[in-house]
Each structure stands twice: as structure tokens, then as C-alpha cells.
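Chain identifiers are assigned alphabetically (A, B, ...) following the order of the sequence lines, protein sequences preceding nucleic acid strands; residue numbering begins at 1 within each chain. In this text, all values refer to a predicted model and were calculated from it rather than measured experimentally.
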Amino acid sequence: MLDPQLLRNNLDLLADSLTRRDLDLDLDRLVELEERSRRLRHQADEARAAQKEAGRQIATLVDEEKEKAIAAAQDMSDRVKHLSGEADRVRDEFERLWLEMPNLVDATAADGFTEDDAEELRRIGDQPDFDFEILDHSGLGERLGIIDTERAAKVSGSRFGYIRGRAALLELALVRWAMDRVVAEGHEPFLPPVMVREHALVGTGFFPEARDQVYEIPGDDLFLVGTSEVPLAAYHGDEILDRKTLPLRYAGYSSCFRREAGTYGKDTAGIFRVHQFEKVEMFVFCLPEESPSEHDRLLEIEEALVRELEIPYRVVNVAAGDLGASATKKYDIEAWFPGQEAYREITSTSNTTDFQSRRLNIRYRTDDGTTPVHTLNGTACALGRTMLAILENHQQRDGSVIIPQALRPYTGFDVIAP
RNA sequence: GGAGGGGUGGCUGAGCGGUCGAAAGCGACGGUCUUGAAAACCGUUGGGCCCCACUCGGGGUCUCGAGGGUUCGAAUCCCUCCCCCUCCGCCA
């Protein structure tokens, strides 16, 4: 959520941001609702003040004078109820619309509206030059007997996978490796809940925009998170943080659940795009002036991790129209997948400025009140996709896969062979 | 799942239907004292929204788990819901 004051003093900024996102929201209506809501609230407040004053008078009176005063105050209650009811109604209508307003777009976010409009910032690492017929992750998984989508389809349906044997151990190694690395960067490890209440999803900006991507547990009013960003962000909801403790740097490890609605036919081979995967996610609460440098910091960590796995990658500055509601700016790291002959997203980091903290009501104290903190998130390691990138990039002629040096202390083996 | 108890300010904990945003204590912050610190003493100390001044500041309203209701007036009475705790049962 943005500061509603922008409607009063910086309408152009809102309009610009919407244009860059290729969105069309009725700003005039928002301006009008916001103003009406304030006007009605003021009237209701004044009616209520009169009512309370009358009550104070009555308390000092006795006998007939008291009776008369009570009779005179008879209809004040109705007036207050009516006015504050109206004020509430208009306020609710305003907030419902205002929740749909996405974060302002950062001036340095790339222009454009789709994934293809992302601006490539750099390519790191050489794409491997194979002198044999390579396999994609699906072929490798089958040949090595470590990925089983067929039985997963039998048990759970499409877009699920069983990960077996050394691949399972490899993923577990990735978790501990990634955690150790981000802990070394000052992030505190968390194992958060993966089922959350609605307010956590509204608070992080996934609702209302991406509601169709979220699994719902009927009857219990709970939802499965698509990333531990959600429970980590909501962790400090309704709190006033001590600025001396900022920045707070966390890292959550959790399963992630995504409906992947609207992706039918995309990435159908193997387990590149699945409904359930595991991820180590970094999350930061910081002072507003710190968020750009924190964003750079998260990106540096992400790049370092991918480099340590000896995976070629590129960094892109995501286009304004492809940002998602909460981000003001986002970098994706795309790993080279030889089997697809393409760079595909494996990690991502967003600066969400005060968009989430306003919705979640997370602030810090200043000399004259409180101010929303800034929040940022960044993938340390998406286990599934990272494992697939390792398989494809480090495959050998005989169908085996060499484990990157950095992971060997964690896996206990240095190769996955047929 | 069964039985009982409870939800008040950062914490503990009072609060007859009437001027209660709410006693008191603790904590925190500022000051006095001290070479410094502790102790002692003095003072300050929730948040949201809004109006006026639009610099300092002044004022209104909401907020005692949430939502309804009764009443001229509710933290205090009634209803619904949520959450927490204890005991029993079950269980990874």
C-alpha cells in the first residue's frame, strides 16, 4: 500500500508509475473517495464530540434538569451512528481500491511490460562447450534414476516430482550450504510456518493481485505460502521496531506452493515448473535510506552463490510492467540451461520499499512519530531449479554429473553416476 | 475432541454504567546528585485517523481480543466470533 497522501500532493507520480506498469486505475475516483472519506470522518467526529459533551453535562445534572437533558440528547446517538457508518463505508470502498494500487516504480527499473523487456546487465561465466550429445534435466533425471515425474503424476498430478537418491541428498546439501553462506552474511535462519492467514498475504501484496496463484485450505481460513517471504514479512506485523536493531536480516527455509495458473503448456518437461518446491529466502527490514544499498547487497550475495556453484548466469533488471505489485525494482538472476539453450530465472531480489510495511503496519520510531520501514527479499537458493542447473551444466559424456566443489563437503560425494 | 479459566497501555496489574486513554508498580527515556556508575529524588513515557496553526504548537475522534447490541452515556451490561492458558483424551 502506498501513502494515501500521494493522492493529495503527488498525483503525477502515481499516474507515471501506472503508465510504466501499463495499468489503468481510476485515479480520479480514488482522489474523490479519499477526500469524501476524510470529510465524512470529520463530520462524524464532530457529531460524536457533541454527543460526548452532552453526556458530560448530563452527568453533572439531577432531577428534572437531568431528565430534560437526556430527552434532548435522545437523537444524537442516531446521528453519530449514521455519519460514522457512512464514513466507514466510504473508507472501506477507498481501501479496497487503494489495495490494488501497486508500488511506485523505481526510476532505474527497466522500461517495458514483459519478461522479454528485461534489461540484461551482465553475463558471468562461460556457457559449457559440450563435445557430446547433451540431455536436458528431464532426460538426465530419468537416466540417473533421480527424478520421477511419472509416478508423481499418478500420486499427485501434473507439475509434481519425486526427487530420489543422490538428487535428494544434493538438495539437502544445497539447503545447508545456502544457509551457512547467508548466515555468514549476517542473516538469521528461520523455519517459518508455510500456512498463513489471509492478512499475511494481503500484507505482502500477493492479495488481491495474485490470489489465483495461491492454494487455499478450505474450512480453516489458511493459505499455503508461495515463498517464505510471506511469513517472514508478517513476522513483525503491527510492531514498532527499534531503529538501533535495524537492519534485521533473516533467511527462511520452507516449502513453497504455487498453483501456476495460466501456465498450461509452459515448461511441461520434468520439474522445472512445479507446484511445490523448497527455497532458502533472504528477507530484510531496514531504514528507508538503506534499502537501495541492501538491494545491491542481496544481489551480490545471490551472484556469489551462483558463481560458487560454477553455473553460468546473467543478471537482468526486470521491466516495470513485469515487476509484480509490491516491488519498486527487481533483479533476476538467470542461469544458463544448456538443455533449453536459454537463460532461465533461478533467483530474484526485490526492493519493496514501504509497500509491504504499510500494509503490515511495521514501523520504527522517529523524533516526531513513526515511519514505515523498508523491506526487501531475495532468493538465496531455489533448491529444485538450482539442482537442475547443476545437472545440466555439469553433465559428462557418460551421463554422470559432477558435483561443484563448494557442495562436496555437504553432499559427501562428488558425482552422481548412472 | 471433552471440561474449566482468561483476554486492559512495552511488561505486571487495578478498574461502582458517568468527565477512564484508563490507578499503581516495573521498564524505558531525560534531569539532579556523582570523578564515573549504582542508589535516591524530580520529570517524561502507546498507537491510528482528522481539523486548525500548517515552524513551535493547539484541538477533536477512535483504540481496554474482534464484531454487533442495550443506553443520554460502556473497559464496565447482553449476543456472536477469535485467540490464549490449565486438565483429560488422541497424536507426528
Partner set under ring-ring contact (aromatic ring centres under 6.0 Å, His included) for A/Phe285, not counting sequence neighbours = A/His236, A/Tyr250, A/Phe283
Can you give the donor-acceptor pairs under 3.5 Å from side chains of residues 192-208 of chain A to other protein atoms, not counting sequence neighbours?
residue  : atom : partner  : partner atom : Å
A/Glu198 : OE2  : A/Arg211 : NH1          : 2.9
A/Thr204 : OG1  : A/Ala200 : O            : 2.7
A/Thr204 : OG1  : A/Leu201 : O            : 3.3

Pick base, sugar-phosphate or nothing for A/Ser84, based on heavy-atom distances below 4.0 Å to the nucleic acid.
-> nothing
List in chain and number order the residues that pass side-chain hydrogen bond (donor to acceptor under 3.5 Å, both in side chains) with A/Asp45, two or more places apart in sequence or in another chain; answer none if no residue qualifies.
-> none
Please list, chain by chain and in numerical order, all residues satisfying side chain to side chain contact (heavy atoms under 4.5 Å, CB included) with A/Arg8, sequence neighbours excluded.
-> A/Gln5, A/Glu34, A/Arg38
Reckon A/Arg39 touches a base, only the sugar-phosphate, or nothing at all at heavy-atom distances under 4.0 Å?
-> nothing
Out of B/C83, B/G48, B/C51, minimum distance to the side chain of A/Arg363 belongs to B/G48
With respect to the side chain of A/His42, which nucleotide from B/C50, B/U70, B/G48 is positioned closest?
-> B/C50
Close N/O contacts between protein and nucleotides 60-62 of chain B (under 3.5 Å):
residue : atom : partner : partner atom : Å
B/G60   : N2   : A/Asp45 : OD2          : 3.0
B/U61   : O2'  : A/Asp45 : OD1          : 3.0
B/C62   : OP1  : A/Arg48 : NE           : 2.2
B/C62   : OP1  : A/Arg48 : NH2          : 2.9
B/C62   : OP2  : A/Lys52 : NZ           : 2.9

Secondary-structure notation, RNA chain B, from Watson-Crick and G-U pairs under 3.5 angstrom (| other strand) | ((((((((.[[[..)..(.....]]]((((((.......))))))(((((((....))))))).[[[[[..)....]]]]])))))))....
Taking the side chain of A/Gln51 as its heavy atoms from C-beta onward, which of B/G73, B/G47, B/C50 lies nearest to it?
-> B/G73
Winner on side-chain proximity to A/Ile58, out of B/G73, B/G48, B/G18, is B/G18
Please say whether more than 12 non-hydrogen atoms of neighbouring residues, nucleotides or ligands are located less than 6.0 Å from CZ in A/Arg273.
-> yes
Residue list, side chain to side chain contact (heavy atoms under 4.5 Å, CB included) with A/Gln396, at least two apart or on another chain | A/Asp398, A/Ser400, A/Ile402
Give, ordered by number, those residues of residues 29-37 of chain A having at least one heavy-atom distance below 4.0 Å to an atom of RNA chain B; if nothing qualifies, reply none.
-> none
Partners passing ring-ring contact (aromatic ring centres under 6.0 Å, His included) against A/Tyr343 (at least two apart in sequence or in another chain) | A/Trp336
Go through the structure and list residues passing ring-ring contact (aromatic ring centres under 6.0 Å, His included) with A/Phe277, not counting sequence neighbours.
-> none
By side chain to side chain contact (heavy atoms under 4.5 Å, CB included), which residues pair with A/Pro102, not counting sequence neighbours?
-> A/Leu18, A/Arg21, A/Leu23, A/Ala325
A/Asn361 meets the side chain to side chain contact (heavy atoms under 4.5 Å, CB included) criterion, sequence neighbours left out, with A/Asp238, A/Arg363
Picking from B/C50, B/C72, B/U70, which would you name as closest to the side chain of A/Lys81?
-> B/U70
